[in-house]
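See below for the structure under consideration.
Just so it is clear, the model here is predicted, and its values are computed rather than measured. One-based numbering, in listed order, for ligands and for the atoms of each.
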Amino acid sequence: MEIKLIYFNQPFWRAEVARLPLFMSNIEFEDFRITDEDLRYLKANGKLKDGTSIPFRQLPVLVVDGHSIAQSGGIARICGKLSGMYSENIIDAGKVDQIIDTVTDINEMLNPSMRENDQKIKKKMRAELSNDSLPKYFSYLEEILEANNSGWFVGDDMTIADIAVWSLLGWIAQGVLDNIPPDLPKSFDRLTHLYNEISQKPKVQEWKRMTYSYEVSATGEYNYHVPDKI
Ligand SMILES: N[C@@H](CCC(=O)N[C@@H](CS)C(=O)NCC(=O)O)C(=O)O
């Protein structure tokens, strides 16, 4: 099976929830990271220059044996199934899905503030997110971890649900979102424990060493400061 994951050169959760399970399970895949020129081309044409279809002109796209598949949730499930990190039991699979969809919801809650150019309005939006929406959703996630009581969201082992949350928390903990305190997740003990557990896994450390630091421009090195601990 030939697998290619197409995304930006960033460790964003939408891609990491696919890349990391494949990497951790030693499944070979092409980790294709697009350039600005690729982006312009795919937006205009719905495909890459080599003809690879990008159905909704958005990323990630997973290409399996030449078939392009869009949408982060579906891609995560395929990579989860391939890597044994997605349950075959329909109830447990649904429990994994509800977490992935909640990570999507949280991402979408943040999006309007990322598009806001008026700094005053943006600051207000970020205050609401920091004081209300994000803590509310983190507490719901915390409750699910508490009910499952294994340290993971579903069952007794790590799944793509845990990886999605880990990557989302790492994004916040980097401190790249103005006026969202990077230590916001820290007051949630179970989320913090999950984050730190995943971060310290040798394969995760290896992945971070390989891919979380790279040159982005002629002006210098850009490092993703995704912390190992929160
Ligand atoms: N519904 C899509 C949304 C994907 C999405 O928003 N991708 C962003 C990057 S994180 C993107 O491609 N942005 C470029 C654009 O929309 O022009 C999914 O779940 O994968």
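Because its NZ or CZ atom is not both nearer than 6.0 Å to the ring centre of Phe29 and within 45° of the ring axis, Lys4 does not count as a cation-pi partner of that residue.
In the displayed structure, Asp65 atom CG is contacted under 6.0 Å by more than 12 heavy atoms of other residues, nucleotides or ligands. Taking a 6.0 Å sphere around OH of Tyr41, one finds it holds more than 12 heavy atoms contributed by other residues, nucleotides or ligands. In this structure, Lys120 places its NZ atom where only 12 or fewer heavy-atom neighbours from other residues, nucleotides or ligands lie under 6.0 Å away.
Residue Gln58 has at least one N or O atom closer than 3.5 Å to an N or O atom of ligand 1. Between Leu59 and ligand 1, at least one pair of N/O atoms sits closer than 3.5 Å. The N/O atoms of Tyr7, backbone and side chain alike, include none that comes under 3.5 Å of an N/O atom in ligand 1.
Relative orientation of the Trp207 and Phe23 rings is tilted, given thresholds of 30° and 60° on the angle between their planes.
Among Glu108, Gln10, Lys43, the residue whose heavy atom sits closest to atom 15 (C) of ligand 1 is Lys43.
Annotation for ligand 1: atoms under 4.0 Å from non-hydrogen atoms of Ser72 are 18 (C), 19 (O), 20 (O). Close approach of ligand 1 to Phe8 (heavy-atom distance below 4.0 Å) involves ligand atoms 9 (C), 12 (O).
Protein heavy atom at the shortest distance from atom 19 (O) of ligand 1 is Arg14 NH1, 2.9 Å. The shortest contact between atom 1 (N) of ligand 1 and any protein heavy atom is with Gln71 OE1, 2.6 Å.
At a threshold of 4.0 Å, the pair Arg190-Glu143 does not count as salt-bridged, since none of the basic side-chain nitrogens sits closer than that to a carboxylate oxygen.
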